[in-house]
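Reviewing the structure listed below.
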Amino acid sequence: MNKGFEPNIVGFACNWCSYAGADLAGTSRIKYPPNIKIIRVMCTGRVTPAFILKSFQNGADGVLVAGCHPGDCHYIAGNLKCEKIMDVVKRLVGILGIGKERLRLEWVSASEGGRFADVVTEFTEQVRELGPLSGKSQG
């Protein structure tokens with residue numbers, strides 16, 4: 001359906017868990033699509049709605065936010081704060097016509113390089129099926 005379309009995905013990854021999980025995937029040579037551009041943040045609790053909306057405004061077809069598992073946050077409850085923010089932002093992107101299925105929150109620890117690769121692969125396929133965000137060409 002979206003032949004030739006390669007989605008542009010922005011990923012916000014917490015420094016302590018998910019970014020380290022991405023690093024582990026790389027050092028373990030676990031393959032995942034190169035569509036994701038990772039932005040390291042100290043904690044997912046610092047990811048604001050503005051960061052997410054600006055990513056879409058600047059051409060992202062999907063946004064992935066990856067953080068520590070609940071109970072493992074280095075900043076105690078930053079990931080739980082992020083979860084609440086994501087609930088609101090998902091509703092907002094739905095209202096704006098972007099589509100809540102283009103925004104995803106996942107918990108990935110530093111030891112889960114394989115899981116990180118699986119999440120990125122699955123999300124890339126999901127966004128590829130959705131097609132480009134309106135106004136973008138397919139190729």
Side-chain angles (χ1 to χ4, degrees):
M1 177 180 266
N2 293 307
K3 199 171 190 176
F5 168 63
E6 286 299 329
N8 179 26
I9 297 173
V10 173
F12 293 98
C14 91
N15 181 64
W16 306 103
C17 288
S18 299
Y19 190 83
D23 190 48
L24 178 61
T27 57
S28 300
R29 299 181 192 260
I30 301 170
K31 294 186 187 289
Y32 60 89
N35 302 66
I36 191 166
K37 283 55 171 190
I38 299 172
I39 299 170
R40 180 172 30 179
V41 293
M42 291 309 289
C43 177
T44 55
R46 300 289 301 193
V47 177
T48 69
F51 291 174
I52 295 165
L53 295 174
K54 195 72 164 172
S55 296
F56 286 119
Q57 182 182 18
N58 287 334
D61 298 299
V63 175
L64 171 68
V65 179
C68 303
H69 288 274
D72 290 340
C73 180
H74 282 65
Y75 298 100
I76 306 185
N79 53 359
L80 301 178
K81 175 186 172 192
C82 176
E83 188 172 37
K84 289 178 183 174
I85 290 169
M86 289 289 285
D87 288 341
V88 172
V89 177
K90 276 192 174 192
R91 281 183 286 187
L92 181 59
V93 296
I95 292 167
L96 293 173
I98 293 168
K100 62 183 179 184
E101 58 281 340
R102 293 182 182 274
L103 177 59
R104 188 163 176 179
L105 173 64
E106 289 287 342
W107 310 128
V108 180
S109 77
S111 65
E112 295 179 313
R115 175 164 163 64
F116 180 84
D118 291 345
V119 165
V120 171
T121 301
E122 183 184 309
F123 188 54
T124 300
E125 287 303 317
Q126 177 181 332
V127 175
R128 187 177 286 127
E129 284 297 314
L130 292 169
L133 206 47
S134 62
K136 291 177 66 179
S137 64
Q138 288 190 20

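Because only heavy atoms are used, hydrogens play no part in the values below, and waters and symmetry mates are left out as well, while side chains stay in. Residue numbers start at 1 and run along the sequence shown.
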Below 4.5 Å, heavy atoms only, C-beta onward: do K81 and K84 meet side chain to side chain?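 Of all side-chain heavy-atom pairs linking K84 with K81, none is under 4.5 Å.
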
With the side chain counted from C-beta on, respond yes when N35 and V127 share a heavy-atom pair under 4.5 Å apart, and no when they do not. no

Would N15 and H74 count as a side-chain contact (heavy atoms from CB on, under 4.5 Å) if you check the C-alpha gap in whole Å, the side-chain angles of each, and the deciding distance to 0.1 Å? CA-CA 10 Å; N15 181 64; H74 282 65; over 6 Å; no

ILVMFWY cluster membership beyond I76 - transitive side-chain contacts under 4.5 angstrom: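 Result for I76 is none, singleton.
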
Under a single-linkage rule joining Ile, Leu, Val, Met, Phe, Trp and Tyr whose side-chain heavy atoms are separated by less than 4.5 Å, which residues share a cluster with I30? none

Considering residues, nucleotides and ligands other than K37, do more than 12 of their heavy atoms fall under 6.0 Å from its NZ?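 Yes, because the 6.0 Å sphere around NZ of K37 holds more than 12 heavy atoms from other groups.
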
Interatomic spacing from [atom1] in [X] to [atom2] in [Y] - rounded to 0.5 Å:
X	Y	atom1	atom2	answer
L103	F123	CG	CZ	7.0 Å
L80	I85	CG	CD1	11.0 Å
Y75	M42	OH	CE	3.5 Å
E106	E112	CD	CD	10.0 Å
C14	W107	SG	CH2	9.5 Å
T27	R29	OG1	CZ	9.0 Å

Over all atoms of both residues, closest heavy-atom pair of [X] and [Y]:
X	Y	value
D61	R102	O-NH1, 2.9 Å
A25	Y32	CB-CE2, 3.9 Å
E122	R104	OE2-NH2, 2.8 Å
L133	A60	CD2-O, 3.5 Å
P33	T121	CD-OG1, 3.2 Å
S55	V10	OG-CG1, 3.8 Å

Applying a strict under-4.5 Å side-chain criterion to I, L, V, M, F, W and Y, I'd like to know whether [X] and [Y] cluster together.
X	Y	value
I36	L24	no
V63	L96	yes
F116	W16	no
V41	V89	yes

Chi angles and distances behind the side-chain contact (heavy atoms from CB on, under 4.5 Å) call for S109, D72: CA-CA 9 Å; S109 77; D72 290 340; 5.6 Å; no

Criterion side-chain contact (heavy atoms from CB on, under 4.5 Å) on K90 and L105, from CA distance to verdict: CA-CA 10 Å; K90 276 192 174 192; L105 173 64; 5.7 Å; no

Between T48 (side chain) and F51 (backbone), is there a donor-acceptor pair under 3.5 Å?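 Yes: the side chain of T48 pairs with the backbone of F51.
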
Counting distance only, does the side-chain N/O of N79 pair as donor-acceptor with the main-chain N or O of T44 below 3.5 Å?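 Judged by distance alone, no pair lies under 3.5 Å.
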
